[in-house]
Amino acid sequence: MAKTVVVVGTQWGDEGKGKITEYLSSKANYVIRYQGGNNAGHTIEFNNEQFKLKLIPSGIFQAEKVILGNGMVIDPKSLIEEMKYLNSKNIVTNSIRISNRAHVILPYHIKLDELLEELKIDQKIGTTKKGIGPAYIDKYSRTGIRMGDFIDPELFREKLAFQVNEKNELFKAHNKKLFDFNEIYVEYKNYAEILKQFVTDTSYEIDIALENGKKLLFEGAQGVMLDIDHGTYPYVTSSNPSAGAVTIGAGIGPTLIDEVVGVVKAYSTRVGEGALPTELDGEIGEYIRKVGREYGTVTGRARRVGWFDAVIVSHTRRVSGLTGLSINLLDVLTGIDKIKLCVAYKLDGEEIHYVPSTIKEFARCKPVYLEMEGWKEDITKVKKFEDLPINAINYVKKIAEITKVDVVMVSVGPDREQTIILKEIY
Ligand code: GDP
Ligand code: IMO
Ligand code: MG
C-alpha cells in the first residue's frame, strides 16, 4: 500500500481532481498542493453541500494538515477570502500551512496578466487573469516576493518598493494607471499579519511527517496538457502540473513518491485558447456541456468539449508516470448512442500516436476514432464496477487498454459517495 500519492490532471484541467483528492484525503494525513495558484477551481460535494476551492488543498475537510507548497503562487487576498468562505460554512482552517518559499501574487501581477494578454495579437492564451504568469516571471527573474519576505514588514517594504517602481515603468510605457506603493503596502501588510501564523518551512514539516509514518497526498492543479513544458505551449499555464513537479514544488525527493493517480474525464474539456483535436461543436457537445455542467469554476466561461483522446492521455501517462487512472464524469456520457474514442491522429496523411510539439502541427491533427456502443441506464447510484452496464464497462476497459494504465477509480457523479473503487490506493 502506498504512503505517498500524487493526484494529477491528465487533460486540460477540471478533470475532477478536487473530488478525487477529497475522497482520498480520508486516508491521507497531509494534503499538499505543489504548483499553480487561484487559477485553479476545484468543486467538491458531500452531504448535500458544495464547496469551491481555489488555493486551499481539497484535503481541508478531512486531512490532519493541508499544505500550500513552495511551488505555488499565492494571492494573499484570495487566500484570506477562501479561509473566510470555509469558516462561514463551519469548516475550520487552522490546519493550513503555507510554505515560506511560495511566491506572493500582488495587484500589479493581475494588471500585468491583463496587459500581456492585451498586447498579444493572434496568440491570446485566454488566461484566468489571476496574475499567475507574471508572478512566475518574477520568481524566475529572481525578483519575486516570497511568503517569508512578505511576513517580514521591512523585507516586504524593500522588495515591494523595487517591484512597484519596476512595474510602473511598464504600465507608464503602455499608458496604464500606475500603482501607489503605499496603498499596496498598507493593505497587504495587514494580510501578511493575518497569514503569518500559517507560514513555515513546509518541506521540513513534510520530512518529519514521513518520519512519523504519515500518509501524504499531493494535489495537482490544472492538467498535464497545460504544463509549461509538456503541454500545448504556448497555450498553457506558467507552472508544471506534471507529477514530477511534486518533488520541486513540495520539497520532497523523487525516490519518495509511491503512486501517481491520473484523473481523467470520460471525455475532454478545455477552457481558453489552443487546439482541442476531438472538439465537438454540434448537438452532442452541447449535451455534454449541459449534463456535465461544463462551465469554468474560476471565470464562468463555457468549457469547450470533445471526445476522449487517448493520444493525450498516453502522453500524460508517459510524462507523469501514471500508475493508475481515475475516470471521472462517466455518468455524463449516459444516453449517448455511439461514443467515440480518439486512438491516434492523422497528421498530413500519416497516422501518429504522439502529441506534436508545435501548435501548428497539433492544430492540423485529425482524430482517428474508435466507435463504441453507449448505454442508457442511470449509473449515478452504482457502487461496484461490475454493476455498471456492460457497454460502460467496455468503455472503461478500452481506455485502460489503449492508455496502458490500470483504472483504479471511476466517478459517476459529483458527490463523494458517487465513487467506485477498483483498487485501494492507501
Ligand atoms: P478540478 O479542477 O479538476 O478539481 O475539477 P472542477 O471541480 O473544476 O470540475 C469538475 C466538475 O465536475 C465539478 O463541477 C465537479 O463537481 C464535477 N464532477 C466531478 N466528478 C464528477 C462525476 O463523476 N460526475 C459528474 N456529473 N460531475 C462530476
Ligand atoms: P484546475 O485546477 C482549467 C487555463 C486557462 C488558460 C491557461 C492559462 O481547476 O483544473 P493561467 O491563468 O493559468 O495563466 O491561464 O490555463 N487554466 C485552467 N483551465 N482548469 C484550471 O485549473 C486552469 N488553470 C488555468 O483557462 O487557458
Ligand atoms: Mg477546475
Side-chain angles (χ1 to χ4, degrees), residues 33-40 54-55 68-83 98-120 124-125 127-202 221 228 234 236-240 245 248-249 251 298:
R33 262 276 297 269
Y34 56 92
Q35 45 71 233
N38 58 332
N39 47 350
K54 295 172 185 164
L55 282 163
L68 283 76
N70 60 278
M72 290 185 71
V73 284
I74 299 170
D75 180 333
K77 190 173 175 177
S78 172
L79 178 57
I80 291 167
E81 274 168 15
E82 201 171 319
M83 285 174 167
I98 306 166
S99 168
N100 48 12
R101 291 176 172 83
H103 280 250
V104 181
I105 296 185
L106 288 143
Y108 46 80
H109 290 127
I110 297 167
K111 283 288 164 208
L112 202 52
D113 202 350
E114 285 170 17
L115 176 63
L116 292 175
E117 279 282 86
E118 205 181 299
L119 294 177
K120 290 188 181 106
K124 289 189 196 298
I125 294 164
T127 75
T128 59
K129 304 220 171 77
K130 299 291 177 192
I132 307 296
Y136 279 116
I137 292 175
D138 282 355
K139 169 172 173 172
Y140 285 100
S141 71
R142 292 160 291 179
T143 56
I145 299 176
R146 307 208 292 186
M147 273 293 167
D149 311 324
F150 181 55
I151 58 169
D152 176 328
E154 275 323 298
L155 262 180
F156 179 44
R157 177 193 291 277
E158 206 178 285
K159 288 184 176 266
L160 183 69
F162 174 86
Q163 278 295 345
V164 173
N165 269 337
E166 188 195 64
K167 297 297 186 287
N168 274 346
E169 290 296 322
L170 251 167
F171 291 122
K172 194 156 63 185
H174 292 281
N175 293 320
K176 298 285 173 195
K177 194 169 167 264
L178 303 189
F179 280 95
D180 179 69
F181 164 82
N182 245 338
E183 229 173 80
I184 304 183
Y185 184 68
V186 171
E187 180 182 351
Y188 278 74
K189 197 159 64 76
N190 272 334
Y191 300 148
E193 213 32 63
I194 298 170
L195 293 179
K196 198 174 176 174
Q197 59 174 313
F198 303 105
V199 176
T200 183
D201 188 329
T202 50
I228 188 97
V236 292
T237 191
S238 299
S239 68
N240 293 108
I248 301 297
V298 177

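Computed from a predicted structure; not experimentally measured.
- For Lys54, the NZ atom is loosely surrounded, since the number of other residues' heavy atoms within 6.0 Å does not exceed 12.
- The aromatic rings of Tyr185 and Phe181 lie parallel to each other, their planes meeting at an angle below 30°, with 60° marking the opposite boundary.
- Summarising the geometry, atom OG1 belonging to Thr127 is positioned 9.0 Å from atom CG belonging to Asn39; distances are rounded to the nearest 0.5 Å.
- For the pair Leu160 and Tyr108, the minimum side-chain heavy-atom distance is below 4.5 Å.
- In this structure, Ile125 and Val236 have side chains that are not in contact, with every pair of non-hydrogen atoms separated by 4.5 Å or more.
- To the nearest 0.5 angstrom, His174 atom NE2 is 11.5 Å from Glu169 atom CD.
- In Ile248, the CD1 atom is not crowded: 12 or fewer heavy atoms of neighbouring residues, nucleotides or ligands sit closer than 6.0 Å.
- The environment of Lys196 atom NZ is sparse: at most 12 non-hydrogen atoms of other residues, nucleotides or ligands sit within 6.0 angstrom.
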Carefully, step by step, assess Lys111 and Phe171 under the rule side chain to side chain contact (heavy atoms under 4.5 Å, CB included).
-> CA-CA 9 Å; Lys111 283 288 164 208; Phe171 291 122; 3.7 Å; yes
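- Between Leu112 and Leu115 the shortest side-chain heavy-atom distance falls below 4.5 Å.
- In terms of heavy-atom proximity, Pro134 sits nearest to Leu116 at CG-CD1, 4.2 Å.
- At a threshold of 4.5 Å between non-hydrogen side-chain atoms, the residues Val104 and Met147 count as touching.
- Looking at every heavy atom in both residues, Lys189 comes nearest to Pro153 through CD-CB, 4.3 Å.
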Can you list the steps and then say if Leu79 with Leu68 is a side chain to side chain contact (heavy atoms under 4.5 Å, CB included)?
-> CA-CA 10 Å; Leu79 178 57; Leu68 283 76; 4.1 Å; yes
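- Using a 4.5 Å heavy-atom threshold, the side chains of Leu55 and Met72 count as touching.
- In this structure the side chain of Arg101 reaches within 4.5 angstrom of the side chain of Asp201, judged on heavy atoms.
- Residues Gly69 and Ser99 approach most closely at C-CB, 3.6 Å, considering heavy atoms.
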Does the side chain to side chain donor-acceptor pair (under 3.5 Å) test come out yes or no for Asp138 and His109, once each step is laid out?
-> CA-CA 9 Å; Asp138 282 355; His109 290 127; 2.8 Å; yes
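- The two residues Tyr136 and Gly71 come nearest to each other via the heavy atoms OH-O, 2.7 Å.
- Put simply, the side chain of Asn100 never gets that close to the backbone of Val199: no donor and acceptor are under 3.5 Å apart.
- The two atoms that bring Asp113 and Gly131 nearest to each other are OD2-N, 2.9 Å, heavy atoms only.
- Within a 6.0 Å radius of NZ in Lys172, other residues, nucleotides and ligands contribute 12 heavy atoms or fewer.
- Summarising the geometry, atom OG1 belonging to Thr128 is positioned 7.0 Å from atom CG belonging to Asn38; distances are rounded to the nearest 0.5 Å.
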Do Glu166 and Phe162 pass the side chain to side chain contact (heavy atoms under 4.5 Å, CB included) test, and can you show the C-alpha distance, the side-chain angles, and the key distance before you say yes or no?
-> CA-CA 6 Å; Glu166 188 195 64; Phe162 174 86; 3.9 Å; yes
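- Judged by distance alone, with hydrogens and angles left aside, the side-chain atoms of Lys124 form a donor-acceptor pair with the main-chain N or O of Glu117 at under 3.5 Å.
- Tyr191 places a side-chain heavy atom less than 4.5 Å from the side chain of Glu187.
- For Lys139, the NZ atom sits in a packed shell: over 12 heavy atoms of surrounding residues, nucleotides or ligands are nearer than 6.0 Å.
- The shortest side-chain heavy-atom distance between Asn240 and Gln35 does not fall under the 4.5 Å cut-off.
- To the nearest 0.5 Å, the span separating CZ on Phe150 from CG on Leu106 amounts to 6.5 Å.
- To the nearest 0.5 Å, atoms NZ (Lys159) and CG (Asp149) are separated by 4.5 Å.
- A donor atom on one side chain and an acceptor atom on the other are found under 3.5 Å apart for Thr143 and Ser141.
- For the atom pair Lys130 NZ and Ile110 CD1, the distance stands at 7.5 Å (nearest 0.5 Å).
- Among all heavy-atom pairs drawn from Gly251 and Asn70, the shortest one is N-OD1, 3.6 Å.
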